[in-house]
Structure formats: C-alpha cells, structure tokens
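Sequence lines set the chain letters: A, B, ... in the order given, protein chains first and strands last, and positions in each chain run from 1. All values reported here derive from a predicted model rather than from experimental measurement.
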Amino acid sequence: MASWDIFCSVVDNYGDIGVTWRLARQLAAEHGHHVRLWVDEPAAFVALCPQADARLKRQQVAGVEVCHWAADWQSEALADVVIEAFGCTLPEAQVAAMRAAARQPLWLNLEYLSAEDWVVGCHGLPSPQGQGLQKYFFFPGFVAGTGGVLRERELLARRRAFQADPAARRVFLAGLGITVQDQARLISLFAYENPGLGEWLDALAVDPQVTQLLVPRGRILGDLRQWLGEAGDLEPGFMAQRGNLQLQVLPFVSQDDYDRLLWCCDFNAVRGEDSFVRAQWAGRPLLWHIYPQEEGAHWEKLDAFLALYLQGLSPAAAQALHELWRAWNAGAGMGAAWVAARPHWPEWREHAEKWCAEQASRPDLAAALEQFYQESL
Amino acid sequence: MKTAQEMKANSVALIDGHPWLIQKAEFTKSGRNSAIVKMKLKNLINGSKTETVYKADDKMEPVILDRKEVTLSYISGDDYVFMDPEYNSYELRAEDLESVLPFIEEGMTDVCEAVFFEGKVISVDLPTTIVRQVVYTETAARGDTSGKVMKPAKLRNGTEVKVADFVNIDDWIEIDTRDGSYKGRTQAPQA
C-alpha cells in the first residue's frame, strides 16, 4: 500500500473535484492505497458527496481522507505519490518538502482529457523543476499511449444489471420524483449556458415522440427559464409541458445517482470532463458541451474527439452527429441538426455501446497511474 | 527568468546546473485555458537528449548566448556549413538544426544567426520571414482569390507547406519560420 496526496483546486465548476474525487475513491477501494484528497473548496465537494461535512478540516469518506486545502497549508508527512490535478499549483511548503526529502515522491500533473493527437507525444514526459526535482505529465485519453479514462472495475457490470432491471430503474426515478410516461424518450440535460437550447426545445416540443427532459440544477437553467418564459428561478421539482416535451428540474445529485440517471436516459447531454466520461460509460447516445476555451481552442478538441468517436458509423450518420455536436457547441442550428440526426438514432444507439466496450478494453486511468507508480519504483 | 512559453527553439535553459539547448518547442492549449510547452532538449555538456513538458507559465532560467551573422555555404550530406563575413566557417549536423531544417536549402541567401555557447556553435536561427520557391503544387481548382482556401505545396528541399489556393508552381512565397506558416506570395529575391 502506498500513500497518495491529490491536490484539487476548484476553478469554476464541479469538473475538477468530480474527477479527483472519483480517482481518490478508486485508488483507495481498488488499489488499496491510503489517499488524501486536498480540496480548496469543501462546499463544492459536498455538492457531489452530500454525506460529507464542509465544515470539517479533515474527514474520512468512502475510504478517502478528504482534507481542506487552506491558504495557510502546512506540510505533512510526504506521500509516496503527489498529484497536482489539472495543473493546480502545489503549496510552496509541499514543493519545498519534496525538494528536501531524501527520497522524492513521484510527482504527477494530471492533465485534462483530450483526444488530440499531441497527447500521446506528451503523456508521461518529465518536467524538471530544478534542484533535482522531477514532475511528470500524465494525460488521460481515449487511445493507446495515453493514461485512459476513469472507470471503476465493476462499473459496466453494475450499469448493465441496472439497465436490465426495469423495477430498479422505476424505483430510482421515482426517488427523484420522476414518473416515466409510456413510450417517452428520456433525455438528461447538463450543460453550460447555451443560446442554442431554445431551438432544440422547439424541435422537441413538436417531435412526434414524447420527450421527458430531466435537468439537474446547473448553469443551463437560466436558458431553460427564458425559453419557458418563467419569471422566477426554476427549483428542483419544477415541471412544465410544451407540446410533446415535458421538462422537469432535478436537484443536483450525487455522483452515484448521476450515473444512474445517465443509465436511465435514452440520450444524455453532458458537459466538461467528468459527466462527459460517465455518459460514455452509460452506453447511450450523448451530446457533449465542451468547456469553451480562449481563441476557440475547444473546437479542435471537439473535432479530435469526434474523429475518434464517429469511426465505424455510416457516413450519413457520422455527418449528422458531427453537425449536431457542432450546432450544440456553436449555440445555433440545433433544431435542424436534431431533426437531421433523428433517423440515425438506432445506429447511434448501437454505436454508443460499441464505443463503450472498445474504451473498456483499455486500462482505466487509475490502473494506468498505478502502473506508472510501480514502474517508477 | 523566463516562462517556458517565452523560451524558443535554439535558446538555452539552465536546468539543474546543466545547459540544455531547446531544439524544438511546441506550444499547445491543454484544457480550460491552460497551456503546455513540449520541448526537445539537448544537453550541451554531454550531448544527451530528452523530451520534456512544461506548463506554459513555468519559470525557466535562460542562458545568454553569443550570436553572429552567417550565411549558408554548402550542404554535404547531414553536414551544414555556414560562413560569417570574415570567412570563418561553422559546421553543424542536421540534428542540431532540427527546428529550422525544413527551411534550409542549397543556395539560400538568407542572413542567419549562428548561436554560440561558450565559444562553440550550437545552432542557427533563420530570419523570421524567408522567401522560397514553390516547385510543385496542384493547380487551383476553385479559382479562390481570397487566400483563405489552402492547399499543400512543395519547396525545393522537399518541405511541404500550406499555401493559398491561387499559388502556382514557380511562384515565390514568404514563410514565417516560427511556425512554418505561409504569409503571402512575393517577388523572387534579387540575386
């Protein structure tokens, strides 16, 4: 058993803490490590893990020691592995302690997930930090030569068992106040602000198939409220009907419940990194709202993922899905793109399972980190 | 100190007391507006080579280098010989010129800068803008004159660059050597 310190700075969403919390749990549960997760915004952590207490400086949750990374952070006993998540800057005291140690810990910068070609060439490379201190860049990814993506050992078995059990699905959804209508298509929606939402909702409202749109609390609610013409904030439990579209606002759910929600839905609109990966493991068609970057750098990342993800689809389906994803991220043209994608639904559904299986054939991120650590010894 | 992003190819950084020549530096946006720089480094003491990655805003210690104007004298296999105005010649291997090699060709007249570390030539910098002749490219198919539609074109030394669709065989073009990008069509350099 080794000791791991994971440092997470919450920037503006739940993506950083979402990924690091999953990773911490998996390293503890599946690899038997002692894991400390340092988070600078405990409130963000509690949103994902409601059983935790944001007031505590240190607490044991799901086999992980979760600690508040305060501004006056003091060095503790050095771990065997130190992860700075997404390039967050480690406390000076931590770097000084590592520099002074007789045996330096393995220092890793866990980077953002990207499907771009350059990732393979950068994954695992050293980054000398002076005075003999070495850091390594660790890149998650979708192809051989990268660090893979997070996937718990039993995740797909649990997902398939759940999806094969209509009663479990019904009970879970009922717990969120959702009653599924006969023949309704379930769609989950988790996205950044998106001016293209209205066009999509217009299309869903006149779609011949009934849609139940489930919207956990998040940044998209403002656009939803505007489309509905509601004056006040939309709170969990809010429901509305427009044509063949029923909308329902859900509370912000725990990671485990969010997984189940994705598994229940026929189509999942997700955002950022963590929910994006989880939607892939759901084995259902998905729509990704990528984190918008300066100078439009996110478009290359979106296209790089699509270049991988769309492989194996018929040209017509690939083009329709490509246009749908681009329309969603451009915030325009969603109505037409949705209608154009609809005929390809059966093919897309089958493809989503194939993609999931293909990705599951690669080592997951935690296993890849474990291997990297073992090879460093 | 300079940031990793400011350290360009053919500069030298002091890392753990050793001077490392940055043979290649590639800047990439990673995620959420952060960026990284991948570098190919050569140790100027023992000749060893390595690849590294830095956050774009990581601090690095630059080494001040001597520079001297030179022009290409001749190429012999993997050896590239440059000459200064006093007729001193400086020989470099192709591997020492990695970042500029795609734009070096026999007969070029560009005034370059030889880079010296402790009196020894370690690399050569090209001017930011160079002029090269296109020896092959497909004929413009769409009649585009905006310069926005690009197509591949081959230079005399075999290097392929993206050029505007209206560029023809034997045309002379300007290239930005920092990123290899096409800048525009131009006149043949005066002999």
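- Closest non-hydrogen pair, A:F137 versus B:Y54, comes out as CZ-C, 3.9 Å.
- At a 4.5 Å heavy-atom cutoff, the contact between A:E111 and chain B is made by side-chain atoms alone.
- Annotation: maximal heavy-atom pairing with chain A below 4.5 Å, among B:T28, B:I15, B:T50, occurs at B:T28.
- Heavy-atom neighbours of B:F27 CZ from other residues, nucleotides or ligands within 6.0 Å: above the threshold of 12.
- Ranked by heavy-atom pairs under 4.5 Å with chain B, the list A:G272, A:G87, A:A297 is led by A:G87.
- Taking 4.5 Å as the limit, some side-chain heavy atom of B:I36 sits within range of a side-chain heavy atom of A:F139.
- Residues meeting the side-chain hydrogen bond (donor to acceptor under 3.5 Å, both in side chains) test with B:S34, sequence neighbours left out: B:S30.
- With a 6.0 Å radius and a threshold of 12 heavy atoms from other residues, nucleotides or ligands, A:D303 has its CG atom above the threshold.
- For a heavy-atom cut-off of 4.5 Å, chain B lies close to A:G121, A:C122, A:L125, A:P126, A:S127, A:P128, A:Q129, A:G130, A:Q131, A:G132 in residues 120-133 of chain A.
- Heavy atoms closer than 4.5 Å to chain B are found in the side chain of A:E84, but not in its backbone.
- Counted within 6.0 Å of CZ on B:R178, heavy atoms from surrounding residues, nucleotides or ligands total 12 or fewer; the atom is thus considered open.
- Residue B:K154 places its NZ atom among 12 or fewer non-hydrogen atoms of other residues, nucleotides or ligands, all under 6.0 Å distant.
- For A:D40, the side-chain hydrogen bond (donor to acceptor under 3.5 Å, both in side chains) partners at least two apart in sequence or on another chain are A:S9.
- Taking CG from A:N109 and NZ from B:K55, the interatomic distance works out to 6.0 Å, rounded to the nearest 0.5 Å.
- Ion pairing of A:E300 with B:K29 is absent here, as no side-chain N (NZ or NE/NH1/NH2) approaches a carboxylate O to less than 4.0 Å.
- Summarising the local packing, NZ of B:K2 is surrounded by 12 or fewer heavy atoms from other residues, nucleotides or ligands at distances under 6.0 Å.
- More than 12 non-hydrogen atoms from other residues, nucleotides or ligands lie less than 6.0 angstrom from CD of B:E160.
- In the displayed structure, B:Q187 atom CD is contacted under 6.0 Å by at most 12 heavy atoms of other residues, nucleotides or ligands.
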If you look only at distance, which donor and acceptor atoms sit under 3.5 Å apart when one is on a side chain in residues 100-116 of chain B and the other is two or more places apart or in another chain?
| from | atom 1 | to | atom 2 | distance (Å) |
| --- | --- | --- | --- | --- |
| B:E106 | OE2 | B:I75 | N | 3.4 |
| B:D110 | OD2 | B:R132 | NH1 | 3.0 |
| B:D110 | OD2 | B:R132 | NH2 | 2.9 |
| B:E113 | OE1 | B:R67 | NH1 | 3.2 |

